[in-house]
Amino acid sequence: MPNILVCYKWVLDEQDIKVRPDDLSLDASRAKGKISDFDRNAIEAASLLVEAQGGNVDALAFGTQALKLSVKDVLSRGPNRLTWIGDASAEGADAFVVANVLAAAIRKAGPYDLILCGEGSSDMFFQQTPVRLAALLGLPCVTFVQKMTWADGVLTATRKLPDCTEEVRVAGPAVVSVLGEMNKPRIPSLKQVLGAAKKPSEELPLSSLGLAPGDLEPRAVRGTPKGFLMNRRNIVYKESDAAANVAQLVASLKAEGL
Amino acid sequence: MSDDSFDVIVAGAGPAGSACAYALAREGKNVLLLERGDSAGAKNVSGGRLYTYALELLEPGMYLRAPLQRRIVREQVMLVEGRRATTLDVADPAWGEGVPQSHSVVRASLDAWFASEAEAAGAVFASGMRVDGLIEENGRIAGIRVGEDEMRADVVVAADGVNSLLAQQAGLFPDVEARAVGVGVKETIELPDSVINARFGVTGEEGVARVAIGCTEGISGGGFLYTNKGSLSLGIVFNPEQAAANGRQIQEIFQDFKEQPSIAALIDGGTSVEYGAHLVPEIGYHGIPKRLHREGMLVIGDAARFGINTGLVIRGMDLAIVSGLAAARAILQEGTPTGPAYLSQLEELALLPTMRAYAEFHGIFGISRIFREYPALANQALGFMFNVDGKVPPPMLKKLLAVVKENVTFRQLAADAWKGYRSV
Amino acid sequence: MSIKRLSPEELLGLDRFNVDEGHPHILVDKARCAVCAQRPCLTVCPARCYRLKDGQVAFDCAGCLECGTCRVVCKDKGVTSWAYPRASFGITFRCS
Amino acid sequence: MAGIFVFSEDPALARQLLTPGLELKAALDQPLVALTPSRDEAQTLAGLGADRVVVLEGPGTPEALAPAVAALVAQAGVVLVGGTLRGKHLAAHVAAALNAGLTTDAKTIRAEGGRLETTRILYGGLAVCEESLALPAVATIPQRTFPPPAPTGASAPVEAAAVTADPRVEVLSTTPVAGEGVDIGAAPRLVAVGRGFGAKADLDLAVDLAGALKAELACTRGIAEDEHWLPVERYIGISGQTVKPELYVAAGLSGQVQHMVGCRESKVIVAINKDERAPIFEAADYGIVGDLYTVLPLLTAALKA
């Protein structure tokens, strides 16, 4: 029965972020947090696996203190235990830093047979962390996985590549990144939410991980994000007469030389 | 506590539900507070004013922790006739002193805070949970169903809002009647605090509450405007039946209101950030269902149709909190039947007596001319008195009588005066 | 810059919805709506979820503000079933 | 040895990478080295400005290629990798090996003050930001971000390096993606379909319109990956294709930013959607509010007329 770790990120819901039209700065003042979309697929994959064949799922996250808000949500999705590292430095972290932190925490809390991550986070979408994590831990890594099974300590997974899909077999421990198409994350039920309240969660101070200052220094320094400027004509035909709309559109396209 | 039972389950984490859960949890009861929104307040819209006494009743000083917007120190009544408006402005700094009488509020933050207070007091709070049904056993309500899950409790408190599907399911009362509710629409409009302060004549965290009459095309109802921190809440409440008969879409009438010059000047340059709608209990005491409890179940807040509208004062959230407290106190009275104890708490906490005191007020809104003719009359009469055009003015009394006659007959006036007198 | 009059679409565009595709929480019986004389829903639904299309009442629950007005005004009971959306779906108010 | 290294297993993308590679070569005064798994492609790259081409001989799995590339670029200044799924795995491994920063899906890239300055998108395409990386630095670059460079007429030396399989990851089977080998990215016109289509058979409406427009069919992630109505090679979006056609007709798709990020550099965008509130109208030059089942046949007929 596998001992699984699933890593997740607590992100701002991008649907709540508004672009201020005057200077294209981002207004996230009303943005709520959420477990990053593909990480939810990873959590679901881990939970389905142990619900079907036994085993254990732990969860691990690195973020700011806002992570506290994620505790109930993540534990109601299946994991039995949560370890989280809440530090302000997570704000400017790049994948190099994130992987260093997660790897150090895994060395402390592990070992695990399987470490699952989403393919990328819905905010930064680095798409690097699982591979970097595997490199740091010296483990094999299977990325962009659509399907997986686990038997006798061996993972069989279908991964996506640009021109094909491959079925691969890896003996654990291994790191896996999952695609959004893998499953449909659950909406936690009342009993799952109530059960979550009884599960242990532990905050691990960043300082307890024994990382050198250089390990926490982002290699890719991010500037201030700006909203993407949409600059389109926005001519909309919305008469009740569909044929008239079509005629106007065709005329417009002709005028465009199309 | 077994895994699937609680002392009390509260369905709905609005002010009523959270107050109830808070009051029970702090006395050591095992309480489950359920909310169908992803967070408390996510499904709620209200004009936006909370009378502070209710929080004080729940716990003195509690309001200091609450994410309240502005303390209301100016009350305004606006009579609208087309482009014209006559506004009465009553300012009393005393309303803002000591424990302020009332504050404007934004439900997304207020309700989320309130639920977190209940949680901190020991209640188990679960959001994203729609209560789908009740468990009934041996003639009593024994618990609730959420999806596949069943959860039992000694008492289920229905705090599920004005549509209260739970109370109906429990057979306590039938569908809410159209005549008993108003449909409110509202826009939240962002403006810098400096602009709000300058336009409304307030400083710091002082605020203004305004009601408007005459902006509803004669439909029973009225407008409201509240100042928040960094935003305004602007809306109109309509009687749905009359609105349907009127035939113009209510959002259109509402958008007209935004363009009314006296309103447009206040919201100018603002950014609309949200649009919401909600039903409100409108007919006060006479709208309260006959049965607010049955064995294993109490109904509180909007679900019990607790609301007061005098035309000037609109109350709902305070009554919700008080009713939540009343329910909690009743449940905490060991050995007494909970339902009757709840009703006597509603008396003791002055909720029902207050509602009775205003019981006939709704009659005023039966005077249909309040919503068109009288605001017009006020504007025309005052307009005449302010009019200077260099000509010899007509005799004042004669002209004023003509203005009155233009809008109402003397018979109507007398009848309305009598009706109004009887209502208050 | 003065404030804009907003169409129902623009008003709803301000809001955040998570539409439960394929699971409408309100069910409308078109046959009953066809014989309804008043059709109050067309006027009083604050979200204009009810619209006249080719002379028939067409209902789309996307954009529903979950107020319940249609439920209380629907005289001929064309609204045959009214519930709140399933958990995590529907409107989410952030500043009301 | 220092150097600017470029790698992509996708021939077109590999050529495109040489354009920023040449700019970096000039800015940093380091040789430009192209790495490729294809001996045939090596000759082409050798004629496009690379100073040296290394053919990676052996298995093409990401876990086999990644350490081989990492070994070759151990002294690199900059490594540019084509942003395919294979490339992204490889780039992350290389970055880890170099202890380097990695910009994912760089839209612009330049060297300045001894650092690599890039821009990329955030929040699913809602925002853009700059990333500044110390050297050595790695970046993945999406398809069609840069044009390929012109042939130089010269031919750089071609060497070979051995790739060995990662024994820990055993490939049991390979299934080619069921596709028609169509290159959506090259099509000058596209008709894209989304969830507004209720059934697979209804896509015929879009096929007809595409016929009338001489366009190729494209789709959203949901249509390709959830419904499997169209092959994934036709799917546009943040984890799918990025296209810049002269005309992009979006029918029955709402215009979520995660999709639009793949097509928003199209010259003209046309939207057809029954929901006037759909964000696609904000991202479109022309739009029709209406039921696609009514509008598409009319539009097809009007275009044929």
Side-chain angles (χ1 to χ4, degrees), chain A residues 14 17 19 26 94-96 99 119-120 122-128 131-132 135-136 140-144 156 160-171 181 218-228 230 232-238 242-243 245-247 249-250 252-253 256 258, chain D residues 10 62-63 84-86 88-89 92-93 95-97 99-104 121-134 166 168-177 225-226 238 246-247 264 268-270 276 281-290 294-295 298-299 302-303:
Chain A
E14 68 280 2
I17 299 174
V19 177
L26 300 187
D94 67 347
F96 167 79
E119 94 170 89
S122 5
D123 56 351
M124 298 303 150
F125 208 52
F126 293 135
Q127 294 185 297
Q128 308 166 29
V131 177
R132 284 185 183 261
L136 288 167
C141 185
V142 187
T143 46
F144 308 111
T156 307
K160 197 165 142 184
L161 287 170
D163 42 2
C164 62
T165 58
E166 280 182 353
E167 195 179 15
V168 298
R169 188 155 65 190
V170 193
E181 64 211 65
R219 293 293 191 267
V221 180
R222 220 166 27 253
T224 310
K226 288 232 161 210
F228 181 86
M230 209 91 82
R232 294 279 168 184
R233 266 151 287 187
N234 306 125
I235 299 167
V236 179
Y237 306 113
K238 49 182 178 186
N245 290 336
V246 166
L249 175 63
V250 172
S252 300
L253 292 181
E256 291 272 357
L258 287 163
Chain D
D10 178 311
E63 56 277 353
T84 62
L85 295 180
R86 188 184 274 107
K88 282 178 176 171
H89 181 131
H93 184 92
N99 261 334
L102 160 55
T103 291
T104 305
I121 59 165
L122 299 176
Y123 298 113
L126 177 81
V128 290
C129 82
E130 293 174 350
E131 260 180 13
S132 171
L133 294 79
D166 182 340
R168 299 174 299 177
V169 181
E170 183 191 351
V171 178
L172 300 174
S173 66
T174 302
T175 313
V177 168
E225 305 231 320
D226 296 339
I238 189 160
E246 60 171 28
L247 176 64
R264 65 190 179 191
V268 173
I269 297 179
V270 173
E276 194 179 338
F281 288 113
E282 254 172 72
D285 296 292
Y286 301 98
I288 291 182
V289 178
T294 319
V295 175
L298 286 170
L299 185 56
L303 288 165

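A, B, ... follow the sequence lines: proteins, then strands. Residue 1 opens every chain.
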Stepwise salt bridge (charged side-chain N to carboxylate O under 4.0 Å, His left out) test for R219(A) and D94(A):
CA-CA 7 Å; R219(A) 293 293 191 267; D94(A) 67 347; over 6 Å; no
task: Count the heavy atoms belonging to other residues, nucleotides or ligands that lie under 6.0 Å from CD of E130(D), then report whether that count exceeds 12.
output: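 No, because the 6.0 Å sphere around CD of E130(D) holds 12 heavy atoms or fewer from other groups.
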### Message
Is it the case that over 12 heavy atoms from other parts of the model lie below 6.0 angstrom from the CD atom of E282(D)?
### Response
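No - once you tally the heavy atoms of other residues, nucleotides and ligands closer than 6.0 Å, there are 12 at most.
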For [X], is it the side chain, the backbone, both, or neither that has a heavy atom closer than 4.5 Å to a heavy atom of chain D?
| X | result |
| --- | --- |
| S122(A) | backbone |
| F96(A) | side chain |
| L26(A) | side chain |
| L249(A) | side chain |
| L136(A) | neither |
| F126(A) | both |

Q | Partner residues of R132(A) under the salt bridge (charged side-chain N to carboxylate O under 4.0 Å, His left out) criterion, sequence neighbours left out | A |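 So R132(A) forms no salt bridge (charged side-chain N to carboxylate O under 4.0 Å, His left out) with any residue.
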Heavy-atom pairs under 4.5 Å with chain D, option from [options] with the top count:
| options | result |
| --- | --- |
| V170(A), V250(A), D163(A) | D163(A) |
| S252(A), A242(A), A135(A) | S252(A) |
| E14(A), K238(A), R169(A) | R169(A) |
| V236(A), I235(A), T143(A), I17(A) | I235(A) |
| G223(A), P162(A), A243(A), G227(A) | P162(A) |
| A220(A), A171(A), A247(A) | A220(A) |

Item to complete: Assess the side chains of Q127(A) and T104(D): does a donor N or O sit below 3.5 Å from an acceptor N or O?
Response: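 No.
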As an exercise: rank [options] by heavy-atom pairs under 4.5 Å with chain A and give me the winner.
| options | result |
| --- | --- |
| I269(D), D10(D), T103(D) | I269(D) |
| V128(D), T84(D), V270(D), D166(D) | V128(D) |
| S132(D), C129(D), G125(D) | S132(D) |
| E246(D), R264(D), E131(D) | R264(D) |
| A302(D), G290(D), A96(D), G124(D) | A96(D) |

Please determine which of L298(D), V295(D), L299(D), T294(D) meets the side chain to side chain contact (heavy atoms under 4.5 Å, CB included) test together with I288(D).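 Result: among L298(D), V295(D), L299(D), T294(D), V295(D) is the only option passing the side chain to side chain contact (heavy atoms under 4.5 Å, CB included) with I288(D).
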Nearest 0.5 Å, please: how far is [atom2] in [Y] from [atom1] in [X]?
| X | Y | atom1 | atom2 | result |
| --- | --- | --- | --- | --- |
| D285(D) | E256(A) | CG | CD | 6.5 Å |
| C141(A) | E63(D) | SG | CD | 8.5 Å |
| R222(A) | L122(D) | CZ | CG | 7.0 Å |
| K88(D) | E119(A) | NZ | CD | 7.5 Å |
| R232(A) | F281(D) | CZ | CZ | 14.5 Å |

At a heavy-atom separation under 4.5 Å, does [X] approach chain A through its side chain, its backbone, both, or neither?
| X | answer |
| --- | --- |
| N99(D) | both |
| A95(D) | both |
| A100(D) | backbone |

* Taking all non-hydrogen atoms of both residues, which atom of R233(A) and which atom of V268(D) are closest, and how far apart? ->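 Looks like NH2-CG2, 4.2 Å.
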